[in-house]
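Chain letters run A, B, ... following the sequence lines, proteins first, then strands; residues in each count from 1. Because only heavy atoms are used, hydrogens play no part in the values below, and waters and symmetry mates are left out as well, while side chains stay in.
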Number of protein chains: 2
Amino acid sequence: MKAKTAKVMEIPEEEKRLDKQLCFAVYATAHAFTRAYKPILDKVGLTYPQYLVMLVLWEKAELPVKTIGEQLDLDSGTLSPLLKRLEQNGLIKRTRDSRDERQVIVSLTPKGQAMRAEINTIMSSIGEAIGCTLEEMGAMREMLTRLRGNLNASL
Amino acid sequence: MKAKTAKVMEIPEEEKRLDKQLCFAVYATAHAFTRAYKPILDKVGLTYPQYLVMLVLWEKAELPVKTIGEQLDLDSGTLSPLLKRLEQNGLIKRTRDSRDERQVIVSLTPKGQAMRAEINTIMSSIGEAIGCTLEEMGAMREMLTRLRGNLNASL
DNA sequence: CAAAATTCACTTGCGTACAATTTAATTGCG
DNA sequence: CGCAATTAAATTGTACGCAAGTGAATTTTG
């Protein structure tokens, strides 16, 4: 039975530069997105991760914490305090599921529902900042989604 | 004098879904990268952002904090404590620039230099996890870099 | 040249991320 | 049924990110 033969190839020096790293391109773009969203989301009092949670809830107004975590790829260690802040801001409500008391059901308050009206403004603003064609955006999104699948599969 | 006419277009419902958001594709892929790097970088005792700083220093062994921040798009609020940890781990040294006492010059220690030998292993491992062709990687990197430029320009 | 403005790094405070642990509830299995 | 394994959420501890503010050094300007 052969042990794991880690094929360690010699990488050309050129390829070792920071600006040649795909990981860094993704990392830095993620931060750029957060910064671009900030002035827009400040107006409605949301952080970017909180906005993502709201996006999930605007699709389905009532979900257990676990499902939200699956969709955003976040664990309860991140979501618990974040949801607590959304609750304090009056956007969501948290209730134990009577069918399974382990679960906490997150649901939108009227205020949280009403905020959905801001989607058009938010997405239009960010769309302008992105400055790509819809085709490019779609292509990038698909490539990234596949890449993410590969990375997750490698674990 | 007309005020800024924000063209707020009506966004189709379909486009409002989380999984149609380019920003989320980037955000989630960035996390996937961090997770994929973790088992690899744990072996050498680095976090992913610390690894990025080391990449910069492996290109040029002596740089002011400001330059590192410019290359990584991070401010001193993030770098100061991170560099302190790298220093505590014996990988870098920090000295005030005698020409300009405001600046702190970060330089690699012998231990930090020696760690450069791990690049091949690290990049080969992650390259396998990425599971894309070199062409795809290059295309994605270029698109993301342009996107990042657009987002930064919008501020 | 001296006061004002700027620059650089550090610190503080808040909000993620995530590993690891804890607590409570439910499931599975003998 | 009864107890061990599993599951869900919260908590704890560490490490980013970043805004805002501090303090020291340098540059700009009147």
Side-chain angles (χ1 to χ4, degrees), chain A residues 23-24 26-39 41-42 45-54 63-70 72-89 92 94-106 152 155, chain B residues 23-24 26-39 41-42 45-54 63-70 72-89 92 94-106 152 155:
Chain A
C23 62
F24 176 67
V26 174
Y27 168 89
T29 306
H31 293 162
F33 256 123
T34 301
R35 286 194 287 263
Y37 267 109
K38 181 150 202 315
L41 293 178
D42 274 352
L46 289 176
T47 65
Y48 177 63
Q50 288 168 8
Y51 169 65
L52 293 179
V53 169
M54 294 305 285
L63 288 171
V65 173
K66 181 178 168 46
T67 306
I68 298 174
E70 284 165 358
L72 297 180
D73 227 327
L74 294 174
D75 70 3
S76 72
T78 300
L79 286 176
S80 284
L82 187 158
L83 293 171
K84 194 177 295 179
R85 283 184 277 272
L86 285 180
E87 190 171 39
Q88 279 163 359
N89 294 343
I92 64 163
R94 288 195 289 177
T95 42
R96 289 267 160 199
D97 186 346
S98 58
R99 292 175 186 284
D100 182 345
E101 292 280 347
R102 289 172 304 181
Q103 294 193 145
V104 168
I105 306 294
V106 180
N152 286 336
L155 298 182
Chain B
C23 62
F24 176 67
V26 174
Y27 168 89
T29 307
H31 292 163
F33 257 123
T34 301
R35 286 194 286 263
Y37 267 109
K38 182 149 203 316
L41 293 178
D42 275 351
L46 289 175
T47 65
Y48 176 65
Q50 288 168 9
Y51 169 66
L52 293 180
V53 169
M54 295 305 286
L63 287 171
V65 173
K66 182 178 167 44
T67 307
I68 297 175
E70 283 165 358
L72 297 180
D73 227 327
L74 294 175
D75 71 2
S76 71
T78 301
L79 285 176
S80 284
L82 187 158
L83 293 171
K84 194 178 295 178
R85 282 184 280 272
L86 285 180
E87 190 172 39
Q88 280 164 359
N89 295 343
I92 65 165
R94 287 195 290 177
T95 42
R96 288 266 159 200
D97 185 346
S98 57
R99 292 174 185 284
D100 183 345
E101 292 280 347
R102 288 172 306 182
Q103 293 193 151
V104 168
I105 307 294
V106 180
N152 286 336
L155 298 181

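Heavy-atom minimum distance, A:V104 versus A:R94: CG1-CB, 3.8 Å. The nearest pair of heavy atoms linking A:L82 to A:P49 is CD1-CB, 3.8 Å. Closest heavy-atom contact between A:R96 and A:R102: NH1-O, 3.0 Å.
In this entry the distance linking CD of A:Q88 with C1' of C:dC14 reads 13 Å, nearest Å. The separation between A:Q50 atom CD and C:dG15 atom C1' is 8 Å, rounded to whole Å. The CD1-P distance, from A:I68 to D:dA8, rounds to 14 Å in whole Å. Taking atom CG of residue A:D42 and atom C1' of nucleotide D:dA20, one finds them 14 Å apart after rounding to whole Å. The distance from atom CD of A:E70 to atom P of C:dC18 is 15 Å, rounded to the nearest whole Å. When rounded to the nearest whole Å, the span between CG of B:D97 and P of D:dT27 equals 11 Å. Note: NE2 (B:H31) to C1' (C:dT16) measures 8 Å, nearest angstrom. Rounded to a whole Å, the CG atom of A:L82 is 21 Å from the P atom of D:dC16.
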In 5'-to-3' order, the base (B), backbone-only (S) or no-contact (-) status of each nucleotide in nucleotides 1-12 of chain C, using a 4.0 angstrom heavy-atom cut-off, is ------BSBBB-
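A 4.5 Å side-chain heavy-atom check between A:N152 and A:D73 finds at least one atom pair inside the cut-off. Within the 4.5 Å cutoff, side-chain heavy atoms of B:L72 are placed close to those of A:F24. Side-chain contact check for B:L86 versus B:M54: some heavy-atom pair is nearer than 4.5 Å. The side-chain heavy atoms of B:R35 and B:H31, taken from C-beta on, include a pair separated by under 4.5 Å.
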task: Using the side chain to side chain contact (heavy atoms under 4.5 Å, CB included) rule, take A:D75 and A:T78 through it: C-alpha gap first, then chi angles, then the decisive distance, then the call.
output: CA-CA 6 Å; A:D75 70 3; A:T78 300; 3.5 Å; yes
Practice prompt. Test B:L46 against B:V53 for side chain to side chain contact (heavy atoms under 4.5 Å, CB included), laying out the working first.
Written response: CA-CA 10 Å; B:L46 289 175; B:V53 169; over 6 Å; no
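Each of A:K38 and B:T47 has a nearest nucleotide on DNA chain D; the 5'-most of these lies closest to B:T47. If A:S98 and A:R85 are placed on DNA chain C by their nearest nucleotide, the residue sitting closer to the 5' end is A:R85.
Among the atoms of the strands shown, only primed sugar atoms or phosphate atoms (P, OP1, OP2) are found under 4.0 Å from some heavy atom of B:D73.
Note on the helix from C:dC1-D:dG30 to C:dG30-D:dC1: angle between the axes of the first and last five pairs equals 10°, rounded to 10 degrees.
Residue A:T34 places none of its side-chain N or O atoms closer than 4.0 Å to OP1 or OP2 of D:dC18. Contact between the side-chain N/O atoms of A:Y27 and the OP1/OP2 oxygens of D:dG17 is found at a separation under 4.0 Å. Regarding contacts with the backbone of C:dA17, every side-chain N or O of B:Y48 stays at 4.0 angstrom or more from both OP1 and OP2. The side chain of B:R99 contributes no N or O atom lying less than 4.0 Å from OP1 or OP2 of D:dA25.
Aromatic ring orientation, B:Y37 versus B:Y51: tilted (interplanar angle from 30° to 60°).
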